[in-house]
Amino acid sequence: MKTADDSFRRRVLALVRRIPPGRVATYGDVAAGAGKPRAARAVGNIMKGCSGAGVPCHRVVAAGGLVGGYGGNETLKRALLRAEGVLIRARRIHDFEERRWRNRGRSTT
DNA sequence: TAATTGACTTCGC
DNA sequence: GGCGAAGCCAATT
């Protein structure tokens, strides 16, 4: 591993870990928070390579609040999010814009 | 080192 | 609303 600079990967993981329960973030948001708003795909790859390492990757969804990824276990992802208070409509998060976590100074709590 | 893949995003049909 | 193509970045082979 550590093919590219860990900085990016490490920042992405750190951001995802900072996502509080009941909140969600898009790959693009996480990538942007890591310093590369165009690295959404890379974020997905990072998740795949670091999922389970204490990173709540289930709180990371695609753009528009579209639930997916998670190795194809979107059902599980959906269940986890719902368990945290995030309502899901079909394959999308209800009030996604409101549930969307922003990497601001605080966690909106 | 180069080429391919992928848990993405956005526009177009 | 669903499917397809182009673009961007990192990981994997």
Side-chain angles (χ1 to χ4, degrees):
Chain A
M1 310 311 204
K2 293 191 359 188
T3 48
D5 280 340
D6 321 298
S7 12
F8 180 70
R9 193 180 75 185
R10 179 196 255 224
R11 283 180 199 180
V12 170
L13 296 174
L15 283 168
V16 175
R17 283 169 59 181
R18 282 167 68 133
I19 301 174
R23 295 279 174 170
V24 295
T26 70
Y27 291 94
D29 278 358
V30 176
K36 303 217 180 279
R38 306 286 182 185
R41 296 179 77 163
V43 172
N45 265 1
I46 294 168
M47 298 267 116
K48 181 170 66 162
C50 299
S51 60
V55 183
C57 33
H58 64 268
R59 288 183 197 148
V60 182
V61 298
L66 185 64
V67 178
Y70 221 73
N73 296 321
E74 60 177 270
T75 308
L76 175 61
K77 191 167 176 175
R78 212 163 65 205
L80 289 169
L81 289 172
R82 191 169 72 81
E84 292 188 351
V86 180
L87 300 188
I88 312 268
R89 214 46 122 188
R91 284 178 220 170
R92 283 191 238 186
I93 296 172
H94 184 61
D95 295 333
F96 166 65
E97 290 295 332
E98 296 181 32
R99 294 288 184 180
R100 182 167 165 193
W101 175 67
R102 296 194 173 195
N103 183 22
R104 302 276 172 133
R106 51 200 82 140
S107 19
T108 73
T109 47

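In what follows, chains are A, B, ... by sequence order, proteins preceding strands, each numbered from 1.
Base contact: A/Ala42 has a heavy atom under 4.0 Å from a base atom.
Scanning atom types as modelled, one donor and one acceptor separated by under 3.5 angstrom connect the side chain of A/Arg41 and the base of C/dC8. The base of B/dA7 does not come close enough to the side chain of A/Tyr70 for any donor and acceptor atom to sit less than 3.5 Å apart.
Going from atom OH of A/Tyr27 over to atom C1' of C/dC8 covers 16 Å, rounded to whole Å. The NZ-C1' distance, from A/Lys36 to B/dC8, rounds to 16 Å in whole Å. Distance, A/Lys48 NZ to B/dA7 P: 6 Å, rounded to whole Å. Note: CG (A/Leu66) to C1' (B/dC8) measures 11 Å, nearest angstrom. For A/Arg10 and C/dA11, the CZ to C1' distance is 18 Å, given to the nearest whole Å. To the nearest angstrom, C1' of C/dC9 lies 7 Å from CZ of A/Phe8. C/dC9 atom P lies 17 Å from atom CG of A/Asp29, rounded to whole Å. Look at CD1 on A/Ile46: it is 9 Å from C1' on C/dC9, rounded to the nearest Å.
Contact check for A/Leu81 versus A/His58: side-chain heavy atoms found under the 4.5 Å cut-off. Proximity of A/Asn45 to A/Lys48: side-chain heavy atoms (C-beta onward) are separated by under 4.5 Å at one or more points. Side-chain contact check for A/Tyr27 versus A/Met47: some heavy-atom pair is nearer than 4.5 Å. Side-chain contact between A/Pro21 and A/Arg59 is present, with at least one heavy-atom pair separated by less than 4.5 Å. The shortest side-chain heavy-atom distance between A/Asp95 and A/Leu87 does not fall under the 4.5 Å cut-off. Using a 4.5 Å cut-off on side-chain heavy atoms (C-beta onward), A/Asp29 and A/Trp101 make no contact.
Heavy-atom nearest nucleotides on DNA chain B were determined for A/Asn45 and for A/Gly28, and the one closer to the 5' end corresponds to A/Asn45.
Scanning residues 75-89 of chain A for heavy-atom distances under 4.0 Å to DNA chain B yields an empty list.
No salt bridge links A/Glu74 with A/Lys77; every basic N to acidic carboxylate O contact stays at or beyond 4.0 Å.
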